[in-house]
Colleague: 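The structure that follows is given in the form of structure tokens.
The first residue of the sequence shown is numbered 1, and numbering continues consecutively from there.
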Amino acid sequence: MPAGVRIDPYLGFRFRVEIEGIVTAAFSEATVPDITIQTADYREGTDAKHVRKLSGMNQFGSITLKKGLTDSRDLSEWQRLCSERGAGGNRRNVSLILIDDNGGDKARWEIVDAWPTKISTTGFNATSGNSVMVETLELANEGIRRIA
């Protein structure tokens, strides 16, 4: 990189969400889940002053997706299937893709074996005539990794 060239961080408002087997309207909000490695304290019997940190299990945060409510029932149908039959055969891979100013893909997170744990919709409000009804979907998952 030449000296003096400024590199600005990407803006977070241009993105798309791909859910395996589901084509739906664009989402207005999506969270990139956190990844946590649990730690375990370990002290050797001969070391009276120091505790060592060992790596433990990986923990993946939930994904929250929000979009305007439309005629599409794909997300609520997916949630219904998981509710009635369990997540076992209803898990899907999800991709969160950050898009740059020119429309190119710049960062991509792959989420493995996601399934809906909660779906909600904003309530009705007769005094707020310009409000869009928003559908929120929370997804549990088995793994996240940034691949681009």
Side-chain angles (χ1 to χ4, degrees), residues 1-42 51-148:
M1 181 65 52
V5 176
R6 187 173 115 177
I7 301 174
D8 291 331
Y10 296 113
L11 301 175
F13 68 91
R14 293 192 72 190
F15 65 95
R16 73 177 184 276
V17 178
E18 297 173 355
I19 301 174
E20 180 181 18
I22 294 179
V23 178
T24 189
F27 290 90
S28 60
E29 192 175 324
T31 59
V32 178
D34 53 333
I35 303 167
T36 305
I37 302 171
Q38 296 176 342
T39 60
D41 291 343
Y42 175 75
V51 174
R52 309 254 184 247
K53 296 284 186 183
L54 303 177
S55 61
M57 300 191 55
N58 295 326
Q59 198 170 23
F60 305 101
S62 294
I63 304 158
T64 302
L65 302 172
K66 293 184 180 186
K67 71 175 195 67
L69 186 68
T70 65
D71 288 341
S72 173
R73 294 187 2 211
D74 291 341
L75 297 176
S76 59
E77 182 63 18
W78 182 26
Q79 191 276 336
R80 185 191 65 77
L81 286 172
C82 290
S83 175
E84 292 177 0
R85 300 180 189 165
N90 295 302
R91 296 172 189 257
R92 299 172 189 238
N93 294 332
V94 175
S95 297
L96 302 175
I97 303 106
L98 179 67
I99 301 170
D100 68 7
D101 291 337
N102 299 320
D105 294 356
K106 283 301 175 184
R108 181 182 199 95
W109 290 265
E110 294 292 330
I111 293 98
V112 180
D113 289 339
W115 56 280
T117 59
K118 181 180 179 181
I119 192 166
S120 62
T121 305
T122 54
F124 302 105
N125 187 342
T127 62
S128 180
N130 293 333
S131 295
V132 172
M133 290 198 67
V134 176
E135 184 173 39
T136 302
L137 185 69
E138 289 185 24
L139 304 175
N141 64 85
E142 296 294 324
I144 304 158
R145 97 184 145 122
R146 182 173 171 187
I147 61 169

Colleague: Could you grab the distance from atom CD1 of Ile111 to atom CD of Glu18, nearest 0.5 Å is fine?
Modeller: 10.5 Å
Colleague: Quick check for you: to the nearest 0.5 Å, what is the distance between Ile63 atom CD1 and Leu137 atom CG?
Modeller: 9.0 Å
Colleague: Do Lys66 and Glu135 sit within salt-bridge range, that is, some charged N less than 4.0 Å from a carboxylate O?
Modeller: no
Colleague: Which pair of non-hydrogen atoms, one from Trp115 and one from Asn90, has the smallest distance, and what is that distance?
Modeller: CB-O, 4.5 Å
Colleague: Please name the pair of heavy atoms, one in Ile144 and one in Asp34, separated by the smallest distance, quoted to 0.1 Å.
Modeller: CD1-O, 4.1 Å
Colleague: Quick one: does any side-chain atom of Asn102 pair with a main-chain N or O of Gly104 as donor and acceptor, under 3.5 Å?
Modeller: no
Colleague: Could you check if a side-chain atom of Arg91 sits within less than 4.5 angstrom of a side-chain atom of Val112, using non-hydrogen atoms only?
Modeller: no
Colleague: How long is the gap from CD1 on Ile99 to OH on Tyr10, to the nearest 0.5 Å?
Modeller: 12.5 Å
Colleague: Over all heavy atoms of both residues, which pair between Gly61 and Asn141 is shortest? Give the atoms and the distance, please.
Modeller: O-ND2, 2.9 Å
Colleague: Tell me whether Arg146 at atom CZ has more than 12 heavy atoms from other residues, nucleotides or ligands lying less than 6.0 Å away.
Modeller: yes
Colleague: Can you tell me how far the CZ atom of Phe27 sits from the CD1 atom of Ile19, to the nearest 0.5 Å?
Modeller: 4.0 Å
Colleague: Does atom CZ (Arg14) have a neighbourhood of more than 12 heavy atoms from anything else shown, all under 6.0 Å?
Modeller: yes
Colleague: Give a yes or no on whether a salt bridge exists between Lys53 and Asp41, defined as a side-chain N under 4.0 angstrom from a carboxylate O.
Modeller: yes
Colleague: Less than 4.5 Å apart, side chain to side chain, heavy atoms only: is that true for Leu54 and Thr39?
Modeller: no
Colleague: Could you check whether any side-chain heavy atom of Cys82 comes within less than 4.5 Å of a side-chain heavy atom of Gln79, counting everything from C-beta outward?
Modeller: no
Colleague: Tell me, yes or no, whether the heavy-atom count around Asn130 atom CG, taken from other residues, nucleotides or ligands under 6.0 Å, exceeds 12.
Modeller: no
Colleague: Under the 3.5 angstrom rule, does the side chain of Asn93 hit a backbone N or O of Asp113 as a donor-acceptor pair?
Modeller: yes
Colleague: Closest approach of Leu11 and Leu98, non-hydrogen atoms and distance?
Modeller: O-CD1, 3.3 Å
Colleague: Could you tell me the separation between the CE atom of Met133 and the OG1 atom of Thr70, rounded to the nearest 0.5 Å?
Modeller: 12.0 Å
Colleague: Can you find a pair of side-chain heavy atoms, one from Arg108 and one from Ser95, that are under 4.5 Å apart?
Modeller: yes
Colleague: Do Lys67 and Leu65 have side chains that approach each other closer than 4.5 Å (heavy atoms only, starting at C-beta)?
Modeller: no
Colleague: I want to check something: taking the side chain as every heavy atom from C-beta on, are Thr121 and Val134 in contact at a cut-off of under 4.5 Å?
Modeller: no
Colleague: Indicate yes or no: at least one non-hydrogen side-chain atom of Leu139 is less than 4.5 angstrom from one of Trp78.
Modeller: yes
Colleague: Is there side-chain contact between Thr36 and Asn58, with at least one heavy-atom pair below 4.5 Å?
Modeller: no
Colleague: Once you round to the nearest 0.5 Å, how far does CD1 of Ile119 lie from CD of Glu77?
Modeller: 10.5 Å
Colleague: Over all heavy atoms of both residues, which pair between Leu96 and Pro33 is shortest? Give the atoms and the distance, please.
Modeller: CD1-CD, 4.3 Å
Colleague: Between Asp71 and Arg73, is the closest basic N to carboxylate O distance under 4.0 Å?
Modeller: no
